[in-house]
Structures are given as structure tokens and as C-alpha cells.
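Reading through the C-alpha cells given below for one structure.
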Amino acid sequence: FGPVIASRFRAPLGGKWGAAVYGDLGGFGVGADLSWQLLGTVQYDLSDRWRLAAGWRHFYAKQSKNDFDVHFKLDGPILGVTYRF
């Protein structure tokens, strides 16, 4: 665990459709040396409370400790369902 700087932006595309972009940068030598991710989705509002999303996510993390280096990448499609209270 460590500090994280993040940002999220959502734009309406018309009707019940929208697009969102999320990104964060973390680690800074506390917990992980470095981690970052980018996520882009297209979203559809089923109702005032329910939203479906589909998109692509890329995640990267790097940790070095005692001559042991780990570089981790996760990249691929993502599906989501959101319920708003």
C-alpha cells in the first residue's frame, strides 16, 4: 500500500450512453516502487440506479526488494455493473 494520485472523467454521449476514463499513479517507493493503471469504458444507463460498462484496462506494477524484481502487467477487457444508492 502507498500513496495514490487518481483522476476520473465521464462524458455523456447522448441518451443513456456515456464514456469514462480513469487513471491512477501510485507507489512512489512506499509499498510498491511504482504502479499505474488506465481504464476506458463505454457505459449504458439501465435506470437511474443501474449502469452497465464495458471497456479496456491496463495495469502495471513494479516492486524491487533485496535483488528480487517483480514487474506485473495486466491488460484486457473489463465488464462492470454499478448500482448507485
Side-chain angles (χ1 to χ4, degrees):
F1 298 99
V4 175
I5 298 171
S7 183
R8 179 176 60 182
F9 174 77
R10 183 174 192 277
L13 296 178
K16 295 185 175 195
W17 292 92
V21 176
Y22 171 86
D24 66 40
L25 176 66
F28 306 103
V30 178
D33 290 337
L34 173 70
S35 70
W36 64 270
Q37 68 176 322
L38 288 173
L39 168 67
T41 60
V42 174
Q43 303 168 342
Y44 182 78
D45 292 334
L46 295 171
S47 69
D48 290 341
R49 299 204 180 265
W50 290 95
R51 177 178 289 160
L52 296 177
W56 198 264
R57 178 185 182 205
H58 180 82
F59 174 79
Y60 173 82
K62 176 187 172 197
Q63 176 68 47
S64 299
K65 191 171 186 177
N66 299 332
D67 296 329
F68 185 71
D69 292 332
V70 175
H71 296 261
F72 179 78
K73 279 199 288 189
L74 177 66
D75 190 49
I78 188 166
L79 298 173
V81 177
T82 301
Y83 178 78
R84 294 182 297 252
F85 291 98

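Just so it is clear, the model here is predicted, and its values are computed rather than measured.
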Can you run down the salt bridge (Lys or Arg N to Asp or Glu O under 4.0 Å) pairs that involve residues 49-60, sequence neighbours left out, and say none if there aren't any?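 Passing the test, one end in residues 49-60: D45-R51.
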Within 6.0 Å of CZ in R84, more than 12 heavy atoms from elsewhere: yes
Transitively linked via ILVMFWY side-chain contacts under 4.5 Å: L79 with Y44? no
Using the rule that Ile, Leu, Val, Met, Phe, Trp and Tyr join whenever any side-chain heavy atoms are under 4.5 Å apart, tell me whether L38 and V4 fall into a single cluster. no
Check residues 9-26 and write down every donor-acceptor pair under 3.5 Å in which the side-chain atom is one partner and the other belongs to a residue at least two apart or another chain.
{"residue": "R10", "atom": "NE", "partner": "Q43", "partner atom": "OE1", "Å": "2.4"}
{"residue": "R10", "atom": "NH2", "partner": "Q43", "partner atom": "OE1", "Å": "3.4"}
{"residue": "Y22", "atom": "OH", "partner": "D24", "partner atom": "OD2", "Å": "2.9"}
{"residue": "D24", "atom": "OD2", "partner": "Q37", "partner atom": "NE2", "Å": "2.8"}

All side chain to side chain contact (heavy atoms under 4.5 Å, CB included) counterparts of S7, not counting sequence neighbours: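 Partners of S7 under the side chain to side chain contact (heavy atoms under 4.5 Å, CB included) test: none.
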Can you sort out the partners of I5 under side chain to side chain contact (heavy atoms under 4.5 Å, CB included), two or more places apart, ordered by chain and number? F28
Between G27 and S35, what is the shortest heavy-atom contact and its length?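 Scanning both residues completely, I find the closest heavy atoms to be N-OG, 4.2 Å.
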Residues forming a ring-ring contact (aromatic ring centres under 6.0 Å, His included) with F68, sequence neighbours excluded: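 Scan of F68 (ring-ring contact (aromatic ring centres under 6.0 Å, His included), adjacent residues dropped) gives none.
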For residues 67-81, which residue pairs pass the side chain to side chain donor-acceptor pair (under 3.5 Å) check, not counting sequence neighbours?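 Every side chain to side chain donor-acceptor pair (under 3.5 Å) pair that includes a residue of residues 67-81, provided the two are not neighbours, is W56-D75, H58-D75, Y60-H71, S64-D69.
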